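What follows is one structure encoded as structure tokens, with my remarks underneath.
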Amino acid sequence: MRRVRFAIDGHGPFEGMMKFGTIGDGEIEFVAIPARAGEFAVPRTVQVIPEDDDPFEAPIIRIVTDASRYDEVADTMSGFVIFETV
């Protein structure tokens, strides 16, 4: 896993950890980002800024949020961004 900063449709940047899974898919795990799941109802693009590589954009396949880790007081959420690699 690699530490990255990322933005979703211009929201962010946020901090996360990126890994590549199956062929054609990448994944960013995020914990307690200051955003609500509703803000990403129809996400289209993730901008990824790795610490040690060139930034890139990728189409989002889906965002999975962990409702049990949503903090209403701090307005933060945790989950995964699954994106298409090209």
Side-chain angles (χ1 to χ4, degrees):
M1 293 185 94
R2 295 171 34 178
R3 180 178 301 279
V4 295
R5 293 176 57 125
F6 68 99
I8 299 171
D9 292 338
H11 295 278
F14 307 116
E15 300 283 332
M17 296 296 286
M18 180 178 68
K19 68 177 182 177
F20 292 98
T22 59
I23 295 173
D25 285 356
E27 179 180 295
I28 296 173
E29 178 180 3
F30 56 87
V31 178
I33 65 171
R36 295 180 179 199
E39 293 178 39
F40 306 123
V42 186
R44 294 177 295 260
T45 305
V46 61
Q47 297 85 31
V48 182
I49 307 142
E51 288 183 329
D52 56 354
D53 209 346
D54 293 329
F56 64 91
E57 289 191 0
I60 293 176
I61 296 171
R62 70 182 175 279
I63 295 179
V64 179
T65 57
D66 184 351
S68 68
R69 292 173 63 188
Y70 176 71
D71 184 340
E72 291 184 34
V73 175
D75 240 1
T76 61
M77 68 174 184
S78 299
F80 301 87
V81 177
I82 311 298
F83 62 90
E84 181 180 333
T85 58
V86 285

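Computed from a prediction, not measured in an experiment: that's the story for all the values here.
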Could you report the tightest heavy-atom contact between Asp9 and Arg44, atom names first, then the distance?
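Between these two residues, the closest heavy atoms are OD2-N, 2.9 Å.
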Heavy-atom closest contact (Pro55 atom, Pro50 atom, distance):
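Of all heavy-atom pairs spanning Pro55 and Pro50, the closest is CA-CD, 4.0 Å.
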How about Arg2: does its CZ atom have over 12 heavy atoms from other parts shown lying under 6.0 Å from it?
yes
Is there a side-chain contact between Ile33 and Glu15 in this structure, where contact means two heavy atoms from C-beta onward sitting under 4.5 Å apart?
no
Evaluate the side-chain proximity of Phe56 to Phe83: yes if any heavy-atom separation is below 4.5 Å, no if none is.
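Phe83 reaches Phe56 side chain to side chain.
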Other ILVMFWY residues reachable from Ile49 by side-chain steps of under 4.5 Å
none
Working to the nearest 0.5 Å, report the span between [atom1] of [X] and [atom2] of [Y].
{"X": "Glu27", "Y": "Thr85", "atom1": "CD", "atom2": "OG1", "value": "12.5 Å"}
{"X": "Ile28", "Y": "Phe80", "atom1": "CD1", "atom2": "CZ", "value": "11.5 Å"}
{"X": "Arg5", "Y": "Met18", "atom1": "CZ", "atom2": "CE", "value": "14.5 Å"}
{"X": "Ile60", "Y": "Glu84", "atom1": "CD1", "atom2": "CD", "value": "11.5 Å"}
{"X": "Phe30", "Y": "Met17", "atom1": "CZ", "atom2": "CE", "value": "14.5 Å"}

Just to verify, what does Asp54 make a side chain to side chain contact (heavy atoms under 4.5 Å, CB included) with, not counting sequence neighbours?
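Scan of Asp54 (side chain to side chain contact (heavy atoms under 4.5 Å, CB included), adjacent residues dropped) gives none.
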